[in-house]
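A short worksheet on the structure shown next.
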Amino acid sequence: MSAALVVGVAAPAHAASDQTWDLIADCESSGRWDLDTGNGYYGGLQILPSTWNEAGGQAYATRPDLATRDEQIVVAEQIQLMQGWDAWPQCARQIGLIGAAYTVKPGDTLTSIARDLGVIGGWEALYAANRDAIGPDPDLLLPGTVLNVPKAARRSGPRLMFTPHAPGRSVFDRSWWG
């Protein structure tokens, strides 16, 4: 029996979905993972060589555009851990990875939060934008967790009805929902 040694950068436990990375690549490079326009940024996610190296990209290729899509995503996960979604500020904002915040309260579920805030794509979109904060189990939502509510994923117009605050009642009373 033989064993192989694989050298590379491990993806973080709460990695963003492939769909999220494809959306960023669509925004950054029109989905061209081999892009080299001469602007100093490379690959589908338009990564600077210095950032690529800092995040361990040299294990795959000398530049992002020379690496496969999957290798670029593995390195991008490391970059996202180091810099957050601000590593891709315009595109992260455009696709809703940077938006408003919501603090989870006892009894909240991703479904109820997505419904109450009018998140397009429902709980799945809310989970995709908050996988790092929530963890691998979307059903394990802890009170006090601060969630990013993607701006692009919110329906326009108010979804919660304001009611006068009374002791024991929330200022956003869900009982008014039809």
Side-chain angles (χ1 to χ4, degrees), residues 8-28 44-48 51-52 54-57 70 72-178:
V9 179
H14 307 302
S17 71
D18 280 356
Q19 179 185 12
T20 299
W21 292 115
D22 285 337
L23 288 170
I24 292 173
D26 286 344
C27 175
E28 291 283 349
L45 303 170
Q46 292 293 277
I47 301 170
L48 282 171
T51 304
W52 176 256
E54 183 182 350
D70 289 341
Q72 288 181 52
I73 290 173
V74 169
V75 176
E77 293 285 359
Q78 296 301 315
I79 295 168
Q80 198 273 329
L81 283 175
M82 295 183 307
Q83 299 180 20
W85 291 114
D86 288 328
W88 302 273
Q90 291 176 323
C91 292
R93 187 165 282 105
Q94 181 178 323
I95 66 172
L97 294 171
I98 301 172
Y102 176 86
T103 302
V104 175
K105 295 165 186 53
D108 278 342
T109 65
L110 287 177
T111 300
S112 68
I113 296 166
R115 179 194 65 230
D116 293 352
L117 298 178
V119 175
I120 296 169
W123 74 266
E124 293 94 342
L126 191 58
Y127 180 58
N130 292 283
R131 185 179 292 247
D132 289 341
I134 296 168
D137 185 354
D139 292 323
L140 183 58
L141 193 57
L142 302 175
T145 302
V146 177
L147 301 178
N148 176 35
V149 182
K151 182 178 181 187
R154 293 191 305 264
R155 292 184 180 102
S156 61
R159 296 281 297 160
L160 299 175
M161 301 187 86
F162 180 80
T163 59
H165 186 61
R169 294 187 72 180
S170 169
V171 294
F172 292 105
D173 186 352
R174 295 179 183 159
S175 67
W176 289 88
W177 283 78

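Predicted model, so just to flag it, every value in this text is computed and none were measured. Position 1 is the first residue of the sequence, and the numbers go up from there.
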### Task
May I ask you to test the Ile134-Leu147 pair for a side-chain heavy-atom distance under 4.5 Å?
yes
## Note on the structure
Heavy-atom closest pair (Pro143 atom, Lys105 atom, distance to 0.1 Å) is CB-C, 4.2 Å
### Summary
Separation between CD1 (Ile79) and CH2 (Trp85), nearest 0.5 Å, reads 11.0 Å
### Query
For the residue pair Ile120 and Ala125, what are the closest heavy atoms and their distance?
O-CB, 3.4 Å
### Task
Enter the distance from Asn148:CG to Arg131:CZ here, rounded to the nearest 0.5 Å.
14.5 Å
### Message
A side-chain contact here means heavy atoms from C-beta on lying under 4.5 Å apart; do Leu23 and Thr20 qualify?
### Response
no
### Query
Between Tyr102 and Asp108, do the side chains contain an N or O donor and an N or O acceptor separated by less than 3.5 Å?
yes
### Query
Going by heavy atoms in the side chains, are Trp21 and Asp70 under 4.5 Å from each other?
no
### Task
State, with a plain yes or no, whether a side-chain heavy atom of Gln78 is found less than 4.5 Å away from one of Trp52.
no
### Summary
Separation between CG (Leu142) and CG (Leu140), nearest 0.5 Å, reads 5.0 Å
### Message
I need the minimum non-hydrogen distance between Leu126 and Val119, along with the two atoms involved.
### Response
N-CG1, 4.3 Å
#### Entry: Atom pair CD (Gln80) and CD1 (Ile24), whose distance is rounded to the nearest 0.5 Å
8.0 Å
### Query
Between Pro138 and Trp123, which heavy-atom pair has the shortest distance, and what is it?
CB-CZ3, 3.8 Å
### Side-chain heavy-atom pair Gln46, Trp88 within 4.5 angstrom cut-off
no
### Query
So how far is it from Thr145 OG1 to Asn130 CG, rounded to the nearest 0.5 Å?
9.5 Å
